[in-house]
J.: 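Below: one structure in structure tokens.
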Amino acid sequence: VSERPTAVLAWVPALASEMLTPGHVVRLRRSCEVPDAEPLARFDEARAGALLARAEILLTGWGCPPVDAALLGRTPRLRAVVHAAGTVKQHVGEACWERGITVVSAAAANALPVAEYTLAAILFANKRVFQLQRRYQELRQFRLWPQEAPGLGNYGKRVGIVGASRIGRRVIELLAPFDLEVQVHDPYLPEAEAAALGATLVELDALLAACDVVSLHAPVLPETRHLLDRRRLALLRDGATLVNTARGELVDGAALEAELVSGRIAAVIDTTEPEVLPADSPLYTLPNVFLTPHVAGALGTEARRLLDLALDEIERFVHGLPLRHAVQREELGRIA
Ligand SMILES: NC(=O)c1ccc[n+]([C@@H]2O[C@H](COP(=O)([O-])OP(=O)(O)OC[C@H]3O[C@@H](n4cnc5c(N)ncnc54)[C@H](O)[C@@H]3O)[C@@H](O)[C@H]2O)c1
């Protein structure tokens, strides 16, 4: 890498309007040549050819077209793809790994808002806040008396975390100050590490049967598709809440819908399969379902944190320091 490598930006600005602040541009220009601080929305733009020919670092974000063999043919000097967004699986093609290009992902920064959403969901679920709000809205002249609230609240409840992923680990950390017991399931997590996190490592079936709230944080992989199938959903306790901020594909949607329509369990759902659900899905109106349109990840001002991480990494790369968020090809089979 030359003293001041050339950085080229590429994402759809409309998808990340608050991501790049003037301060970010000033900071990037301290370590890199930035011939054009306006992100490329497409690689066939008129100005793209000359920029790509110079690019040593490609700083990418949401909506950036894949960095594939065709693009690499136009970027002979490219050394690093720094993705100021989550997963790089669709973003970085085989040719990138083949050429030994350094790949960085800001998934760790995207994990924070998802963990915050999840913490709020868990605390509100244990207090039945979502259902009580609906009932209040419907009945108006309504008061919940203590004798009508057995088992309600955030004292002594058990929370199950499926996947000690970046998000799952952060959720466990955020749960530490509360009077809640945390169980975790993850085939890759050593028991001692679970204990250090403050959680008990258990098998998935045992976790489902034991917890008041179960929160999904595993990646979608061939072996996690419909991880919660009909049998496993039936293991959830009556009145339990399932929180899914991960991916709809982790759950058998038809079996989940049946459990929710019956009213046996409740759910807080940010991600569905398909995304978006059909307009006649009962999940939109069920009183025991709190459904949000995939908003848990970085939005608005939170997108700036993705660029903060990307710039930290670019500075380390330029100064030859070890990177903290490089993605290794070998880990693609177990990460999001
Ligand atoms: N709702 C949103 O806006 C949003 C935003 C970001 C990520 N996500 C989703 O959240 C989930 C977690 O993302 P992340 O970046 O924290 O993931 P990650 O890449 O950090 O997760 C990888 C880890 O998952 C664990 N894991 C792998 N296979 C598992 C299995 N079979 N069972 C349990 N755990 C397993 C392993 O510890 C592995 O290291 C993903 O599904 C991702 O798509 C959603």
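Residue numbers count from 1 along this sequence. When a ligand or atom number is given, it counts from 1 through the structure's own listing order.
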J.: Do Val162 and Val171 land in one hydrophobic cluster if side-chain heavy atoms of ILVMFWY residues count as linked below 4.5 Å?
T.: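 Val162 and Val171: separate clusters.
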J.: What I want to find out is whether Asp312 reaches Arg27 closely enough, with some N-O distance under 4.0 Å, to be called a salt bridge.
T.: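 Yes.
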J.: Counting distance only, does the side-chain N/O of His217 pair as donor-acceptor with the main-chain N or O of Ile161 below 3.5 Å?
T.: no
J.: Would you say Asp186 has any N or O atom under 3.5 Å from an N or O of ligand 1, going by distance alone?
T.: yes
J.: What protein heavy atom is closest to atom 24 (O) of ligand 1, reported as residue, atom name and distance in Å?
T.: Pro219 CD, 3.2 Å
J.: So for Gly86, does at least one of its heavy atoms come nearer than 4.0 angstrom to any atom of ligand 1?
T.: no
J.: Hey, is ligand 1 close enough to Val220 that some N/O pair sits below 3.5 Å?
T.: no
J.: Using distance alone, decide if ligand 1 has a nitrogen or oxygen within less than 3.5 Å of any nitrogen or oxygen in Asn110.
T.: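 No, Asn110 has no N/O under 3.5 Å of an N/O on ligand 1.
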J.: Just need the protein heavy atom nearest to atom 44 (C) of ligand 1, so name the residue and atom and give the distance.
T.: Thr245 O, 3.0 Å
J.: Looking only at heavy atoms, is any part of Ile335 under 4.0 Å from ligand 1, and if so is it the side chain, the backbone, or both, or is it neither?
T.: both
J.: Any idea which part of Arg166 is under 4.0 Å from ligand 1, heavy-atom wise: side chain, backbone, both or neither?
T.: both
J.: Got a donor-acceptor contact below 3.5 angstrom from the Glu173 side chain to the Leu197 backbone?
T.: no
J.: Using a strict threshold of under 4.0 Å (side-chain N to carboxylate O), is an ion pair present between Arg158 and Glu181?
T.: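 Arg158 and Glu181: salt-bridged.
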J.: If you measure from each non-hydrogen atom of Ile167 to ligand 1, which part falls under 4.0 Å: side chain, backbone, both or neither?
T.: both
J.: Taking only heavy atoms of His217, which atoms of ligand 1 are found under 4.0 Å from at least one of them?
T.: 11 (C), 12 (C)
J.: Heavy atoms only: which of Gly163, Ala246, Ala296 is nearest to atom 34 (N) of ligand 1?
T.: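 The option holding the nearest heavy atom is Gly163.
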J.: Counting non-hydrogen protein atoms only, what is the nearest one to atom 3 (O) of ligand 1? Give residue, atom name and distance.
T.: Gly297 N, 2.9 Å
J.: Would you say OH of Tyr155 has more than 12 non-hydrogen atoms from neighbouring residues, nucleotides or ligands within 6.0 angstrom?
T.: no
J.: Determine whether Val104 and Leu72 fall in the same hydrophobic cluster, where Ile, Leu, Val, Met, Phe, Trp and Tyr are linked whenever their side-chain heavy atoms lie under 4.5 Å apart.
T.: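 Per the 4.5 Å side-chain linkage, Val104 and Leu72 are not co-clustered.
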J.: Which atom names give the shortest non-hydrogen contact between Arg169 and Ala164, and what distance separates them?
T.: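 Result for this residue pair: NE-O, 2.9 Å.
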J.: Run the contact test for Leu221 against ligand 1 with a 4.0 Å cut-off on heavy atoms, strictly below, and give the result.
T.: yes
J.: What do you reckon, does Ala218 have a nitrogen or oxygen under 3.5 Å from a nitrogen or oxygen of ligand 1?
T.: yes
J.: Does the residue Glu223 have a heavy-atom contact with ligand 1, meaning some pair of atoms that are separated by less than 4.0 Å?
T.: no
J.: Could you say whether the N/O atoms of Thr224 and ligand 1 ever approach to under 3.5 Å?
T.: no
J.: Would Phe290 and Val213 show up in the same hydrophobic cluster when neighbours are defined by side-chain heavy atoms closer than 4.5 Å?
T.: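 Same cluster.
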J.: Should the proximity of His294 to ligand 1, defined as any heavy atom under 4.0 Å, be assigned to the side chain, the backbone, both, or neither?
T.: side chain
J.: Can you report which non-hydrogen protein atom sits closest to atom 43 (O) of ligand 1, along with the distance?
T.: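 Answer, as residue, atom name and distance: Arg247 CZ, 3.3 Å.
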J.: Within the 3.5 Å criterion, strictly below it, is a donor on Thr271 or His294 matched to an acceptor on the partner's side chain?
T.: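 There is no such pair (donor and acceptor under 3.5 Å, judged by atom type) between the side chains of Thr271 and His294.
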J.: Is there any N or O on Tyr188 that sits under 3.5 Å from an N or O of ligand 1?
T.: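 It does not: no N or O of Tyr188 is found under 3.5 Å from an N or O of ligand 1.
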J.: Do any N/O atoms on Ser165 end up under 3.5 angstrom from N/O atoms on ligand 1?
T.: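 Yes; at least one N/O pair falls below 3.5 Å.
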J.: For ligand 1 and Leu227, I'd like to know whether there is a polar contact (N/O to N/O, distance under 3.5 Å).
T.: no
J.: Any idea which atoms of ligand 1 are less than 4.0 Å away from a heavy-atom of Ala336?
T.: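 Counting atoms of ligand 1 from 1, those under 4.0 Å from Ala336 are 13 (O), 17 (O), 18 (P), 19 (O), 40 (C), 42 (C).
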J.: May I ask you to list the atoms of ligand 1 that are less than 4.0 angstrom from any heavy atom of Val114?
T.: 4 (C), 5 (C), 6 (C)
J.: Under 4.0 Å from a heavy atom of Thr271: give me the atoms of ligand 1 that qualify, with their elements.
T.: 1 (N)
J.: Test your reading of the model: is there a side-chain donor-acceptor pair from Arg232 to the backbone of His226, 3.5 Å cut-off?
T.: no
J.: Would you say Leu228 and Leu250 are hydrophobically clustered, going by side-chain heavy atoms of ILVMFWY under 4.5 Å?
T.: yes
J.: Between Arg4 and Arg30, is there a donor-acceptor pair closer than 3.5 Å when you use the side chain of the first and the backbone of the second?
T.: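 A pair under 3.5 Å: yes.
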J.: Within the distance-only criterion (no hydrogens, no angle test), does the side chain of Lys127 pair as donor or acceptor with the backbone N or O of Asn154 below 3.5 angstrom?
T.: no
J.: Specify the protein heavy atom at minimum distance from atom 32 (N) of ligand 1: its residue, its atom name, and the distance to 0.1 Å.
T.: Pro187 CD, 3.3 Å
J.: Tell me whether the count of non-hydrogen atoms from other residues, nucleotides or ligands lying under 6.0 Å of CZ in Phe130 goes above 12.
T.: yes
J.: Check ligand 1 against Arg334 and write out every atom of the ligand that is under 4.0 Å from a heavy-atom position of the residue.
T.: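 So the atoms of ligand 1 that pass are 22 (C), 23 (C), 24 (O), 27 (C), 38 (C), 39 (O).
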J.: Measuring from non-hydrogen atoms of Ala111 to any atom of ligand 1, is the shortest distance under 4.0 Å?
T.: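 The answer is no, since Ala111 has no heavy atom less than 4.0 Å from ligand 1.
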J.: Verify the cluster assignment for Ile167 and Ile335: are they in a single hydrophobic cluster under the rule of side-chain heavy atoms below 4.5 Å apart?
T.: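 In one cluster: no.
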